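Everything numeric in this text was worked out from a predicted model, so none of it was measured.
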Amino acid sequence: MSPINFNQLLEQSVDELSNPDSLHGLCHEHNDGDPLPSGPVLAEIIDLCRTIIFPGFYGKSTVNNRTLPYHMGVNIERLFPLLTGQIMAGLCFNPNTGGECMCASSIHEKAQCIAAKFIQALPELRKILATDVEAAYNGDPAAESYGEVISCYPVIKAISNYRIAHELLLLGVPIIPRIITEMAHSETGIDIHPAASIGHHFTIDHGTGVVIGATCIIGNYVKLYQGVTLGARSFPLDESGNPIKGIPRHPILEDNVIVYSNATVLGRITIAKGTIIGGNLWVTRSTSPGEIRLQSTGQDSTCKDRKESKDKAWKTNEAPNSEADDHTKQ
């Protein structure tokens, strides 16, 4: 092929790739002066938030009670403008002004207000994340200290990103919360949608492959194992055959629920208080309080056996020995 033919081929490709008809929904048309979300800056924001919430474990390791106010002030002072810029980028990238056109100064002022409210919420975020650390430590006999849990356990990285993102979502920030939880997804293999609602003392053992959908509601003292999916079973469709968005479609897990590895819980069902879901189960119907669902082996077991096994499971964090057919309980 001659150089002329190469040039013609390249020019044709440029024309076709630049055709607006081929870019519907695939191109973000940037306006001059509008900031764009930045992955590296958001990563720095997450590092700063982890440093503020867990001082000494993240950021500078020379923190002590005497120097803590100084380090905290420096980190907050650094966090505020970075967070303001990224919130502004989210507002510009995905504007939601109710049809009202906002000037750059108004958007910046709104972003500053949201950033200040987020920083004001950091003490409460630390309190609830402290319960997650406690749950991870108490739930794993291999954990030797809170410091090990904070420094090493993927659930703490994932749940801290989730709780930061969830707070920003509650404050009305577009797109940035989802980027933050996807950063944790890439880092840990744990996929938690920022819109999910999760109570205190939450933990995930091992963690890899866990999926928690956007409309999930999770109570207090809930424990998941690796490979658990809390997903949607089906989607109501609109007149065009497309899924209707924004409707509750994921499970509700009440307090003190345990879901063992590779279980799949689908649809807007309620996993009642104290339920234990065994590994490798497909659950699409609600449970009753204190129920145990395990794979059937064709062997019978009495309610007394199940209760004793369940009591042992709560004390030792081991899987109960009793067997119950998932379908017979539904």
Counterpart residues, side-chain contact (heavy atoms from CB on, under 4.5 Å), relative to Pro236 (two or more places apart)
Ile244, Ile247
Quick one: side-chain hydrogen bond (donor to acceptor under 3.5 Å, both in side chains) pairs with a partner in residues 206-217, sequence neighbours left out?
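As it turns out, the side-chain hydrogen bond (donor to acceptor under 3.5 Å, both in side chains) pairs with a partner in residues 206-217, which skip direct neighbours, are Thr215-His250.
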Pairs in or reaching into residues 71-89: which pass side-chain hydrogen bond (donor to acceptor under 3.5 Å, both in side chains), with residues at least two apart or in two chains?
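side-chain hydrogen bond (donor to acceptor under 3.5 Å, both in side chains) check on residues 71-89 returns Glu44-Arg78.
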How far apart are the closest heavy atoms of [X] and [Y], and which atoms are they?
{"X": "Ile52", "Y": "Pro55", "value": "O-CD, 3.5 Å"}
{"X": "Asp140", "Y": "Tyr153", "value": "OD2-OH, 2.8 Å"}
{"X": "Thr188", "Y": "Pro154", "value": "CG2-O, 3.6 Å"}
{"X": "Pro194", "Y": "Ala165", "value": "CB-CB, 3.9 Å"}
{"X": "Ala272", "Y": "Ser288", "value": "CB-C, 3.5 Å"}
{"X": "Ala263", "Y": "Ile277", "value": "CB-CG2, 3.9 Å"}

[X] side, atom [atom1]; [Y] side, atom [atom2] - distance, nearest 0.5 Å:
{"X": "Asn256", "Y": "Thr275", "atom1": "CG", "atom2": "OG1", "result": "10.0 Å"}
{"X": "Asp205", "Y": "Lys223", "atom1": "CG", "atom2": "NZ", "result": "4.5 Å"}
{"X": "Thr181", "Y": "Asn161", "atom1": "OG1", "atom2": "CG", "result": "8.0 Å"}
{"X": "Ile87", "Y": "Cys92", "atom1": "CD1", "atom2": "SG", "result": "12.0 Å"}
{"X": "Ile164", "Y": "Leu169", "atom1": "CD1", "atom2": "CG", "result": "13.5 Å"}
{"X": "Leu253", "Y": "Phe202", "atom1": "CG", "atom2": "CZ", "result": "8.5 Å"}

Measuring only between side-chain heavy atoms, which start at C-beta, is [X] closer than 4.5 Å to [Y]?
{"X": "Val173", "Y": "Leu91", "answer": "no"}
{"X": "Ile76", "Y": "Ile119", "answer": "yes"}
{"X": "Ile180", "Y": "Leu168", "answer": "yes"}
{"X": "Pro251", "Y": "Leu266", "answer": "no"}
{"X": "Leu129", "Y": "Ile159", "answer": "yes"}
{"X": "Arg293", "Y": "Ile276", "answer": "no"}
{"X": "Ile271", "Y": "Val265", "answer": "yes"}
{"X": "Val259", "Y": "Tyr225", "answer": "no"}

Going by salt bridge (Lys or Arg N to Asp or Glu O under 4.0 Å), name the residues that satisfy it together with [X], two or more places apart in sequence or in a different chain.
{"X": "Lys127", "value": "Glu124"}
{"X": "Arg268", "value": "none"}
{"X": "Glu182", "value": "Arg178"}
{"X": "Arg50", "value": "Glu187"}

With sequence neighbours left out, write down each residue that passes ring pair (Phe, Tyr, Trp, His ring centres under 6.0 Å) with [X], or none if nothing qualifies.
{"X": "His201", "result": "Tyr221"}
{"X": "Phe57", "result": "none"}
{"X": "Tyr162", "result": "His166"}
{"X": "Tyr137", "result": "Tyr146"}

Side-chain heavy atoms nearer than 4.5 Å, only ILVMFWY residues, links allowed to pass through others: does that put [X] and [Y] together?
{"X": "Leu122", "Y": "Val74", "result": "no"}
{"X": "Val211", "Y": "Ile198", "result": "no"}
{"X": "Ile204", "Y": "Ile128", "result": "no"}
{"X": "Leu170", "Y": "Leu83", "result": "no"}
{"X": "Ile252", "Y": "Val228", "result": "no"}

Heavy atoms from other residues, nucleotides or ligands near CD of Glu109 exceed 12 (cutoff 6.0 Å)
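It does not: Glu109 CD has 12 such atoms or fewer within range.
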Would you please test Tyr260 and Asn280 for side-chain contact (heavy atoms from CB on, under 4.5 Å) and show each step?
CA-CA 8 Å; Tyr260 281 94; Asn280 299 302; over 6 Å; no
Counting distance only, does the side-chain N/O of Ser18 pair as donor-acceptor with the main-chain N or O of Asp15 below 3.5 Å?
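Pair absent, no side-chain N/O of Ser18 close to backbone of Asp15.
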Is a donor on one side and an acceptor on the other found under 3.5 Å between the side chain of Tyr58 and the backbone of Ile150?
yes
Check the pair Leu237 / Asn242 against side-chain contact (heavy atoms from CB on, under 4.5 Å), numbers first and verdict last.
CA-CA 5 Å; Leu237 304 179; Asn242 298 316; 5.9 Å; no
Walk me through whether Leu230 and Ile218 qualify under side-chain contact (heavy atoms from CB on, under 4.5 Å).
CA-CA 10 Å; Leu230 306 179; Ile218 298 176; 3.9 Å; yes
Check the pair Val283 / Ile269 against side-chain contact (heavy atoms from CB on, under 4.5 Å), numbers first and verdict last.
CA-CA 9 Å; Val283 181; Ile269 60 175; 4.1 Å; yes
Result for side-chain hydrogen bond (donor to acceptor under 3.5 Å, both in side chains) between His200 and one of Asn220, Asp132, Thr131 points to Asn220
Begin with the C-alpha distance, continue with both residues' side-chain angles, and end with the deciding distance and a verdict on side-chain hydrogen bond (donor to acceptor under 3.5 Å, both in side chains) for Gln12 and Glu16.
CA-CA 6 Å; Gln12 180 182 355; Glu16 291 179 0; 3.1 Å; yes
Who passes side chain to side chain donor-acceptor pair (under 3.5 Å) against Asn64, sequence neighbours left out?
Thr67
